[in-house]
Number of protein chains: 2
Amino acid sequence: MTVTIKDVAKKSGVSISTVSRVINNSKPVSNEIRQRVMSVIKETGYVPNPVARSLVTKKSQLIGVIVPDISNFFIGELLNGIEEVGKIYEYDILLCNSYGEMEEELKYINLLKSKQVAGIVFVTWKMSDEHVKAIEEGNLPAVYISKNAHNFDVYSVSIENERAAYEMTKYLIQKGHTNIGFIRSSIEDDLVDSQRFRGYKNALTDSGLEINQRIIKEGDTTSESGYYLMNEILESNDMPHAMFATNDEVAIGAINCILDKGYKVPDDISVVGFNDIKLASLYRPSLTTIKQPIYDMGAVSIRMIVKMIDGEQLEDKHTYLPYELIERQSVKEKK
Amino acid sequence: MTVTIKDVAKKSGVSISTVSRVINNSKPVSNEIRQRVMSVIKETGYVPNPVARSLVTKKSQLIGVIVPDISNFFIGELLNGIEEVGKIYEYDILLCNSYGEMEEELKYINLLKSKQVAGIVFVTWKMSDEHVKAIEEGNLPAVYISKNAHNFDVYSVSIENERAAYEMTKYLIQKGHTNIGFIRSSIEDDLVDSQRFRGYKNALTDSGLEINQRIIKEGDTTSESGYYLMNEILESNDMPHAMFATNDEVAIGAINCILDKGYKVPDDISVVGFNDIKLASLYRPSLTTIKQPIYDMGAVSIRMIVKMIDGEQLEDKHTYLPYELIERQSVKEKK
DNA sequence: TTGAAAGCGCTAACAA
DNA sequence: TTGTTAGCGCTTTCAA
């Protein structure tokens, strides 16, 4: 049989409340009794039942994490950070995979509330008012990780996507490229222009370059989509000097297409991505890209949650983490 | 305020036990009352509190999953299967990242027990008696996913690694290669020779080929390690016709090394991997490899757990799933 | 077929 | 500083 607080109390010759006090450090207990209880705990191997505990406190040591795709490398790395830092503060992760579908996401939000999780980390490709409303209703600490989180009045973690994309585009221009294309995601908000795309456009405009709509394409964020869209561009006979893809998978899909068409990267066309997933350095030519501090984003988000649970005040709602432009082999100076 | 069973009972004019009966379908309830209660439930939006429920039943709708590395693609895909099928049976996933460290793994096993999880899926690079003992003590349904799980008297899911490696080696031989090297993992049991390595050796022996120790290396299961070990081989001046790596990451590391040394794949050296991670098809040259049904492995494992929870009998302890040899560009016929 | 009541293991208010 | 006691929301005997 598992040992309960009662057993410990009996064996130590004290009341269960005293035992409760020593395990929670909640109220002063005389040193002598504390010692006694502690030794009984050690001896019996007693572990407080977290279920009973949550029933009365209405809080658990569980943090719910909703993600759109567990098998996505970006998400995996994020979970690493979340898990590791969570563990430091003794929180466990209740994982929910939403497939990026709004309905699933809302369902999980409610599920997590009923499970009495202490907080929620909500990761999504694209967030909306409905998400926010559902989560706010639970009155739970929550942190959002989403490309468009900064458009909402919520706690979030991200990098400055627009500035990073601006820098990357400037980098390409500096390398002598002028006809620079962009492959963007169709998930991104059409009204509120996506940040990365905006950074790209601004950099071109600021440099007095034309925005060439013929080499700007829009599609999924997969490598297949990158391949397909690049193919469209190559067949249109408007040869770009360089291509900027909204993420690394798309960039690699595009490179595969360029290679398959018999062109060379970076000799004929330079290509850059965004995110710096593992693949980016493994692939040949290795990919020049923007490195997001993915692990740190997970770590910071969970740290924020814990602070909120503990009632601490957070300075800023939106936390921006530093990014880095990683130069590799996929870009070449334009002669 | 959240609505409880009491509120529903009061509003329906019945006792809480009756409400409990209708939500659990546990005992006959007259149709009229059932209707009434149901409509109150709908109206109030009542959701049973799972925490209170587990406290009395000593069971939760939680399945604990311990994995060695969340950000590993193989694991991500596995989690996908686990999560999705778990959801069908209304189980949630409590995720634990052990970093493959025995101490962490044992700690998590105990944690999961105290959380009253209904079952455990234990994924590890290398399992041991200690793991089994710790889990068995909890008297919980458990399924193991590990390369060496078949050596233990436990429920497990895997593919026939040895046979797959044998086939792959035969395939290489059939392509005219005779001097075939192998890069194995040092994690794998030294006494009980690793299955993949054994399959490789048997295929060579059965074909009357020599096992050339100079082109057999051992190291981590990372691409860096693959690169490093391949470099050792190339510098030894014993040029292999083909290399078989214990997994795709290692294979790609090896290819990168070969390419960097100025050789060509597959023209100079053919390379094959194992697992068929996403990268395998994205990389150029795309990688010939063994495709494991990773998603299915997760799905099957959770299905087994659910059956065990429900007290159903399972036919076999070890479930073997079908694999497939995927031919791509990294292998060429030897002239 | 229904209801009353005990109890799951714990915390926290209240008394002493 | 310690103990008594009332729940937390639910399931499950036991009796009616």
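Not measured: the values here are computed from a predicted model. Throughout, a chain's letter reflects where its sequence line sits, starting with A, and its residues are numbered from 1.
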In this structure, how many angstroms lie between the [atom2] atom of [N] and the [atom1] atom of [X], rounded?
X	N	atom1	atom2	answer
B:Lys59	C:dG9	NZ	C1'	16 Å
A:Asn25	C:dT11	CG	P	12 Å
A:Asn24	C:dG9	CG	P	17 Å
A:Asp7	C:dG9	CG	C1'	10 Å
B:Arg21	D:dG9	CZ	C1'	16 Å
B:Arg53	D:dC8	CZ	P	18 Å
B:Gln116	C:dC8	CD	P	13 Å
A:Ile5	C:dG7	CD1	P	18 Å

Practice task
Output the residues of residues 29-42 of chain A in contact with DNA chain D, where contact means a heavy atom of the residue under 4.0 Å from an atom of the strand; sort by number or write none.
Solution key: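 A:Val29, A:Ser30, A:Ile33, in order of number.
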Practice task
Test A:Ser15 against A:Thr18 for side-chain hydrogen bond (donor to acceptor under 3.5 Å, both in side chains), laying out the working first.
Solution key: CA-CA 5 Å; A:Ser15 74; A:Thr18 302; 3.2 Å; yes
Closest to side chain of [X], choosing from [options]:
X	options	answer
A:Pro28	C:dA4, D:dT1, D:dT2	D:dT1
B:Ile16	D:dT2, D:dT11, C:dG9	D:dT11
B:Leu55	D:dG3, C:dG9, C:dT1	C:dG9
A:Ala52	C:dC14, C:dA4, C:dG9	C:dG9

Has [X] got a side-chain N or O lying under 4.0 Å from the OP1 or OP2 atom of [N]?
X	N	result
A:Ser15	D:dT2	no
A:Thr4	C:dG9	no
A:Lys58	D:dG9	yes

Exercise for the section: Can you spot which of B:Glu105, B:Glu101, B:Lys147 makes a side chain to side chain donor-acceptor pair (under 3.5 Å) with B:Thr124? Expected result: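 In the set B:Glu105, B:Glu101, B:Lys147, the residue that makes a side chain to side chain donor-acceptor pair (under 3.5 Å) with B:Thr124 is B:Glu105.
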Practice task
Pick base, sugar-phosphate or nothing for B:Val14, based on heavy-atom distances below 4.0 Å to the nucleic acid.
Solution key: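 Counting heavy atoms under 4.0 Å across all strands, the contact made by B:Val14 is with sugar-phosphate only.
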Exercise for the section: Look at the side chain of B:Ser17 against the base of C:dA4 and say whether a donor-acceptor pair falls under 3.5 Å; ignore hydrogens and angles. Expected result: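 Pair found.
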Exercise for the section: Can you establish whether the number of heavy atoms outside A:Met308 located under 6.0 Å from its atom CE is more than 12? Expected result: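 Yes, the 6.0 Å shell around CE holds more than 12 heavy atoms from other groups.
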Identify the heavy atoms of [X] and [Y] that sit nearest to each other, and give their distance.
X	Y	value
B:Ala142	B:Ile135	CB-CG2, 3.5 Å
B:Tyr91	B:Ala118	CE2-CB, 3.8 Å
A:Val132	A:Tyr144	CA-OH, 3.7 Å

Problem - Aromatic ring pairing B:Phe122/B:His131, orientation class (parallel under 30°, perpendicular over 60°, tilted between) - result: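 Tilted: the ring planes of B:Phe122 and B:His131 meet at 30° to 60°.
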Exercise for the section: On the 0 to 90° scale, with breaks at 30° and 60°, tag the A:Phe74-A:Trp125 ring pair as parallel, tilted or perpendicular. Expected result: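 A:Phe74 and A:Trp125: tilted rings.
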Handout entry: Most 5' of A:Thr18 and B:Asn49 on DNA chain D, judged by nearest nucleotide
Key =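 Per heavy-atom nearest nucleotide, the more 5' residue is A:Thr18.
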